[in-house]
Structures are given as structure tokens and as C-alpha cells.
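First comes the structure, then the notes that go with it.
Numbering starts at 1 and runs along the sequence shown. Predicted model, so just to flag it, every value in this text is computed and none were measured.
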Amino acid sequence: AALATTAFAAPVGAQDEPSSGGVIVYGDWQPVSQLNPYMTNTVTNFQATTLVWPPPIDIDTDGNYVPDLLEEVPSAENGGLVVDEDGDGFTLNLMMKPDLKWSDGMPLTLNDHKWTYDWAVEMLKSGIGCGRCAAFVPLVDPTAGVEEDADGNPVTDVDVLYAPENQVVESYTISEDGLTAEVTFRQNYAAWRDWLASYYIIPGQFWGDIAPEDVATTAVPGSPALPEIPASGPFVITGSSSDGIDYAPNPEYNASDGPYLDGLRYQFYGSKDGMIAAFLAGEIDLALDMTQADFPAVSQVDPSIGRAEVDPQWGYEHLDLNFMSTQVGFDDPLVRTAIAHAVDKQKLSAVLFPGAGVEPACSPAPPSIWYHTETTCPEYDPDQSMALLEEAGWMNEGGAWVKDVDGDGESETLRLKMCTSSGNPTRLTTLGVVAQDLAAVGINTPIQTEDAASVYFADWADTTPETECSIYRGSYDVALFAWVFTGDLYGDAFYVYHSSQIPSDDNPNGYNNTRIADPDIDAALDAIGASVDPAFQLEQANVVQQGIIDTVTEIPLYYRSETTGISNRVGGWEKYNPSTAGAMWDTESWFVQE
């Protein structure tokens with residue numbers, strides 16, 4: 001695991017009690033592209049939305065589920081989780097905190113949570129592409145309503161697919177005052193806590209008037225509509241542009257103490273170097289979204305300005321191998337395994353994190369998360385890599401590998417396009433090292449970068465078949481990025497690895513961007529989803545994690561640690577939240593200390 005260290009303790013004389021007033025500026029090296037939390041899947045965007053629309057429950061910095069808008073986290077002990085007598089199905093008894101309001105003064109109740117769920121169903125039926133809607137509306141049979149057209153292509157009847165009888169949520173019954181509800185699940189569903197922790201309540205009084213095809217363009221920086229969207233969290237948006245977002249306290253917020261600040265400013269930078277320079281100069285209070293490789297640069301900050309921290313994250317950096325890339329043989333497990341044997345992870349760690357003691361990753365789940373299991377990975381062995389390529393029918397001619405892939409008499413050269421997000425020197429260095437390793441076994445690997453939010457991670461609806469380096473469109477051979485986990489095994493794995501989640505025109509909401517379709521992994525994921533027994537889930541997690549390694553769906557490189565620059569002005573900061581809740585999960589507790 002990564003060696004986690006802290007450069008400086010909290011500044012001498014730090015305040016214990018919060019004071020009111022002042023503005024904190026936090027920055028990211030990537031701009032925000034989308035503020036509707038159901039139309040995005042990037043950390044940068046969630047850093048803009050969490051403080052405005054929090055989820056019903058949250059995950060704290062120690063990885064515990066804690067209440068946010070709900071009175072308590074449902075459990076068997078408090079009566080919030082009641083399992084059916086036959087063990088197949090359960091009921092959640094939800095209790096909302098009383099007297100909550102939206103920033104426009106309207107009551108905030110469980111009616112709003114149910115409205116958000118129903119809205120997500122309608123968004124899915126519209127077919128525009130809403131990946132997080134699909135995760136929020138789990139299905140009994142994700143293949144229901146799928147038939148073949150006259151040409152043999154799959155066509156989905158969305159009314160059948162998302163019909164009430166095909167949803168895992170069987171009923172949602174709310175009390176007259178909207179403060180309590182019974183949510184009945186027709187079968188066991190392992191991700192029920194994630195169902196409450198990862199999907200925000202959004203205001204129906206605003207989004208109910210927006211057509212599905214206009215949702216993606218309504219909540220973007222610079223849109224005049226943003227300040228009009230009611231907030232449920234501690235802050236409201238007051239203005240935005242391509243450079244950043246401004247926030248003010250929500251005057252109706254009473255879910256907890258605070259907020260204490262007069263405002264927040266989210267500042268965007270075009271590169272990490274620009275953001276780090278601004279932090280070192282004392283121009284911003286928090287520098288976010290960095291890896292351990294950035295720690296040496298951030299730790300150069302003058303102690304009179306701030307400090308650098310590096311904390312373990314529930315995430316890992318990895319290479320995705322695209323099963324659609326048949327022209328380079330990625331439909332052949334021998335070729336994918338050859339790639340894995342060619343990558344020297346130990347050398348990569350030494351280049352990226354000299355002297356930090358960062359060990360290479362193997363299991364797709366980081367050691368600090370509860371469902372981590374031990375796995376066995378292909379070892380660095382360039383000779384074995386070349387032997388596997390020969391076994392797969394590739395011939396080495398003049399230092400390059402060639403093969404008649406299509407059987408048309410024309411030879412293809414094994415040349416991989418490696419993609420990653422732009423503006424990230426660590427990822428460019430990573431791909432540079434990997435390219436050297438692959439070149440050593442005769443594989444040429446050009447590197448291409450694209451903007452993270454608008455291209456690389458953009459959803460199906462925001463891209464086309466011609467979009468290059470889109471992970472969801474599959475326009476790459478090898479893709480480098482990180483996954484950050486919520487703590488819910490099923491929610492973290494099903495949508496990424498189950499064959500029903502392969503994205504396509506017919507299934508624009510899928511997140512299985514490698515296009516893996518492995519029956520053993522599918523069966524284990526289905527078994528996890530039908531259980532609420534953590535011990536059984538852990539057993540099946542081993543099948544999933546080893547299956548990912550054996551099929552070489554991806555190549556885990558290292559477990560991430562998050563570097564954060566924190567100015568001495570920031571009070572109320574504990575440490576970086578290792579889960580997808582991220583840095584902004586508790587901004588109501590922040591204050592300015594002088």
C-alpha cells in the first residue's frame with residue numbers, strides 16, 4: 001500500500017471553535033463541466049455539487065456511513081432495515097430530519113427523494129443517456145425488453161425495461177408529513193446503503209420543468225439557470241463562469257450546525273502546475289485532486305502559508321484494455337496477458353514516487369477497503385510477453401509484431417493507442433514509462449490526451465462514434481485513469497464489470513467501458529447483488545477480483561493516495577475523505593481561522 005505521510009501538523013494556534021465569516025477558495029486543475037449530479041461521473045464535478053445537494057446519508061473520513069439529511073443510517077438494530085422472513089427482500093424504514101427546507105423556502109422531505117427516483121426512471125426512458133440514473137434505478141432483469149430487429153441488432157423497449165415490476169424497488173410509501181417512508185425491495189440488493197449515500201436529492205420544483213434533452217446543458221458553468229436551482233445543502237450557487245463557481249450560505253439550511261463561512265469560491269486551473277503555483281503563492285486555500293507524485297511540489301509551501309498532506313484513498317490507478325480493439329488482438333486473452341507481462345509496475349512506482357515506498361497494485365480493490373481480497377497477477381516478464389504474442393499468431397518482423405487479423409491477406413501491425421486525460425503530468429509520465437516497457441517487447445504505443453470532462457469521461461449523450469479517446473465509446477486501446485470507491489461492493493463493481501452494462505446506442509447508460517463479458521464474473525456479481533450477507537459478499541468478491549486479473553480486463557498499477565494543499569486559513573478540515581464523498585462532504589463545518 002502507499003506510504004501515507006503528513007508534511008506538517010495543524011498550524012500552531014489553530015482554532016478549536018469555529019468562527020463566522022470569510023471566504024475559502026478551493027481549486028482543481030480540471031474545470032467543472034456538469035452540475036446535475038446524475039449526468040456526471042467525475043470527481044471534479046462532484047466537488048461542485050456535494051455542498052449544494054447532499055445525499056440522504058454520507059461516508060465520513062474514517063469510512064463510516066453517517067446520516068446527513070436522514071435522522072439515522074438504517075440498520076437492523078434501529079429498525080431501519082427489516083429483512084423478509086424468507087430472506088429474499090427487505091424494507092428500509094427511512095426517517096427524514098424535521099423542518100428541512102430548500103433554499104427557496106419549500107419543505108424538503110422524503111417526497112423529494114421519491115420524486116428524484118421517479119425522475120431518474122423517466123430520464124432513462126427518454127433514452128438520452130443518464131448513467132447515474134441507471135445505477136439509482138436497479139433492475140430485476142437488466143435485459144428485459146431486449147429484442148432483435150430485422151438486421152439482428154438488439155433493440156430495447158424501455159417501457160418494458162423500466163416497468164415498475166422490473167425494478168428492484170417494489171414500492172415507496174411515504175407518510176402524510178413526508179418525514180418517514182417504507183421502501184420495499186422485492187429482492188435482496190447489496191447496494192442499498194450506496195443507494196442512499198451516492199445519489200443526491202434534486203429539486204423537482206426546478207428539474208420538473210426541464211425537458212430530458214435539455215438537462216445536460218442546463219446545469220453547466222456560465223448557465224444563467226444555475227443560481228436559480230434550489231439547494232438543500234449548506235451552500236447555494238450565486239454565479240459561475242468558465243473560470244470557477246461562487247457559493248453563498250444557504251439561508252434555510254438546518255440539517256446540522258453551520259455553515260460558518262460567508263462563501264466559497266471554486267477556482268479552475270488549466271493544469272496541475274498552475275494550481276500548485278497558486279497554492280504556493282497563497283492565492284487559494286485548498287489545492288485538490290492530486291496524487292502522491294504531486295506531494296514533493298506541494299510540500300514546498302512556506303509553513304506560514306499552509307501545509308501538504310497525503311492520505312490513503314479508496315482508489316487505484318490502472319490501465320483498461322478495450323475488448324473491442326480486435327484490430328490489435330485485444331479480443332484474445334493471450335495478447336492482453338502479454339501486455340500485462342510487459343509492464344514493469346515496480347519500475348513505474350520508483351519513477352513516480354521515488355523513496356516513498358509505494359508498492360505496485362494487484363487486486364482492483366485497495367487494501368484499506370473492507371472487500372479487498374488477495375489476488376495473483378501476471379509478473380513482469382518481457383520474455384513471456386513475447387512468447388505469448390507468438391502463441392497468439394503474431395510474428396515479429398524487423399522488431400514489430402504483425403498479423404493478418406481479419407484474414408483478408410493484409411497484415412496489421414500491433415500498435416496500441418494509449419489514452420488519458422489532459423493536463424496531468426503524472427499520467428503522462430505513467431504512460432511514458434509504460435510505452436517504454438511495451439517498446440522493449442516490440443509494441444509501438446502512441447499516446448493521446450483529451451479533456452477529462454468534455455471528452456475522456458463524457459457520457460454517451462455528449463459524445464459520438466467519431467469522438468477519440470472516449471472511454472464509454474470505446475475509441476481507445478489502452479486507457480489510463482483511476483477508480484474511486486464508495487465502500488459498497490456491489491455498487492462499485494456491477495456497473496463496471498457486468499456484461500449487461502456494456503455501453504452502446506441501445507444501452508447508453510452502461511459503464512462497462514472495457515466491454516468484458518465473463519460468465520463467472522457475471523454470476524459472482526449477480527450473487528453479490530442478491531445477498532445482504534457481508535461474509536458471502538466477500539467470498540464472491542474474490543471471484544470478481546481474481547476474474548478481472550485472469551481475464552486481464554485491466555492492469556492495476558498502484559493504489560492512490562491523495563495529496564492536498566491546505567492553507568492555514570482553513571479551519572474544520574479533518575483529512576481527505578478516502579471515498580467518493582470526497583473533499584467537500586462537510587463544508588458546513590469549515591471556517592476561516594486567522
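Residues Thr61 and Glu574 have side chains that bring a donor and an acceptor to within less than 3.5 angstrom of each other. A donor-acceptor pair shorter than 3.5 Å can be found between the side chains of Tyr371 and Asp492. No hydrogens or angles considered: a donor-acceptor pair under 3.5 Å links the side chains of Tyr266 and Gln47. Side-chain contact of Thr486 with Asp488: a donor-acceptor pair under 3.5 Å is absent, judged by distance alone. With 3.5 Å as the limit, one finds no donor-acceptor pair spanning the side chains of Thr514 and Tyr497. There is no side-chain donor-acceptor pair under 3.5 Å between Ser421 and Asn424.
In this structure the side chain of Tyr117 reaches within 4.5 angstrom of the side chain of Val137, judged on heavy atoms. Side-chain contact between Tyr511 and Phe494: absent, with no pair of heavy atoms (C-beta onward) separated by less than 4.5 Å. In this structure, Lys347 and Tyr380 have side chains that are not in contact, with every pair of non-hydrogen atoms separated by 4.5 Å or more. Within the 4.5 Å cutoff, the side chain of Thr218 has heavy atoms near those of the Trp207 side chain. For the pair Ser232 and Pro54, the minimum side-chain heavy-atom distance is below 4.5 Å. You'll find the side chain of Arg132 reaches within 4.5 Å of the side chain of Tyr199, heavy atoms only. Put simply, the side chain of Cys130 reaches to within 4.5 Å of the side chain of Asn509, judged on heavy atoms. The shortest distance between side-chain heavy atoms of Val570 and Ile24 falls below 4.5 Å.
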| task | Might you work through the side chain to side chain contact (heavy atoms under 4.5 Å, CB included) test for Ile201 and Met96, ending with a clear yes or no? | result | CA-CA 12 Å; Ile201 301 175; Met96 198 79 157; 4.1 Å; yes

| task | Carefully, step by step, assess Ser33 and Asn45 under the rule side-chain hydrogen bond (donor to acceptor under 3.5 Å, both in side chains). | result | CA-CA 7 Å; Ser33 63; Asn45 292 347; 3.3 Å; yes

| task | Please lay out, stage by stage, how Tyr576 and Glu309 fare under the test side chain to side chain contact (heavy atoms under 4.5 Å, CB included). | result | CA-CA 9 Å; Tyr576 188 85; Glu309 291 183 355; over 6 Å; no

| query | Under the side chain to side chain contact (heavy atoms under 4.5 Å, CB included) criterion, do Tyr472 and Thr463 qualify, and how do the steps go? | reply | CA-CA 9 Å; Tyr472 298 122; Thr463 56; 5.8 Å; no

| task | Could you walk me through whether Ser304 and Asp302 pass side-chain hydrogen bond (donor to acceptor under 3.5 Å, both in side chains), step by step? | result | CA-CA 5 Å; Ser304 66; Asp302 190 305; 2.7 Å; yes

| Stepwise side-chain hydrogen bond (donor to acceptor under 3.5 Å, both in side chains) test for Asp194 and Tyr490 | CA-CA 9 Å; Asp194 191 46; Tyr490 182 75; over 6 Å; no

| request: Decide side chain to side chain contact (heavy atoms under 4.5 Å, CB included) for Leu261 and Tyr247; before the verdict, give the C-alpha distance in whole Å, the side-chain angles of both, and the deciding distance to 0.1 Å. | output: CA-CA 10 Å; Leu261 297 172; Tyr247 303 86; over 6 Å; no

| message | Please evaluate residues Gln545 and Thr373 with respect to the criterion side-chain hydrogen bond (donor to acceptor under 3.5 Å, both in side chains), reporting the C-alpha separation (whole Å), side-chain torsions for both, the decisive distance (0.1 Å), and the verdict. | response | CA-CA 7 Å; Gln545 292 173 44; Thr373 62; 3.0 Å; yes

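For the pair Leu226 and Ser240, the tightest heavy-atom approach, listed with the atom from each and the gap, is CD1-OG, 3.4 Å. In plain terms, the two heavy atoms of Ile548 and Ile521 that are nearest each other are N-CD1, 3.8 Å. Contact between Tyr253 and Ser256 at its shortest, heavy atoms only, is OH-OG, 3.0 Å. A pairwise comparison of heavy atoms in Leu288 and Trp29 identifies O-CD1, 4.0 Å as the closest pair. Listed here is the closest heavy atom pair of Asn254 and Leu100: OD1-CD2, 3.2 Å. Taking every heavy atom of both residues into account, Thr430 and Leu557 meet most closely at CG2-CD1, 3.8 Å.
A distance-only check finds no donor-acceptor pair linking the side chain of Ser223 to the backbone of Ala219 [under 3.5 Å]. Looking only at distances, no side-chain donor or acceptor of Thr40 sits under 3.5 Å from a matching main-chain atom of Asn36. Panel note: side chain Glu562, backbone Pro312; no donor-acceptor pair is recorded below 3.5 Å. Of the possible polar contacts, none joining the Glu317 side chain to the Arg560 backbone as a donor-acceptor pair under 3.5 Å is found. When atom types are taken as modelled, the side chain of Asp294 and the backbone of Thr291 share a donor-acceptor pair closer than 3.5 angstrom. For the pair Trp314 (side chain) and Asn577 (backbone), a donor-acceptor distance under 3.5 Å is absent. One N or O on the side chain of Asn568 and one on the backbone of Pro303 form a donor-acceptor pair closer than 3.5 Å. Under a 3.5 Å cut-off, the side chain of Thr238 and the backbone N or O of Asp246 do form a donor-acceptor pair. Thr375 places a side-chain N or O within donor-acceptor distance of the main-chain N or O of Ser363, the cut-off being under 3.5 Å. Judged by distance alone, the side chain of Asn250 and the main-chain N or O of Gly233 form a donor-acceptor pair under 3.5 Å.
With ring centers used as reference points, His318 lies 6.0 Å or more from Tyr558. Close placement of the Tyr316 and Phe485 rings is indicated, their centers lying within 6.0 Å of each other.
Taken from CG in Asp58 to CG in Leu196, the straight-line distance is 11.5 Å, to the nearest 0.5 Å. Taken from CE in Met275 to CZ in Phe268, the straight-line distance is 13.0 Å, to the nearest 0.5 Å. Here the straight-line distance linking atom OG of Ser299 with atom CZ of Arg307 works out to 13.5 Å at 0.5 Å rounding. One distance of note links CG of Asp459 with CE of Met39; it measures 6.0 Å at 0.5 Å rounding. Between the CG atom of Asp68 and the CD1 atom of Ile59 there is a distance of 11.5 Å, given to the nearest 0.5 Å. Rounding to the nearest 0.5 Å gives a distance of 10.0 Å between CG of Asn542 and NE2 of His372.
The 12-atom threshold is exceeded at CG of Asn78, counting heavy atoms of other residues, nucleotides or ligands nearer than 6.0 Å. Residue Lys97 qualifies as enclosed at atom NZ: its count of foreign heavy atoms under 6.0 Å is above 12.
Partner of Pro259 under the side chain to side chain contact (heavy atoms under 4.5 Å, CB included) criterion, chosen from Ser20, Pro249, Ser589: Pro249. Screening Asp586, Asp311, Asp60, Asp62 against Lys575 for a salt bridge (charged side-chain N to carboxylate O under 4.0 Å, His left out) leaves a single residue, Asp62.
Using a 30° and 60° split on the angle between ring planes, Phe136 and His113 fall in the perpendicular class, above 60°.
Remark: Asp285 engages Arg569 in a salt bridge, criterion side-chain N to carboxylate O under 4.0 Å.
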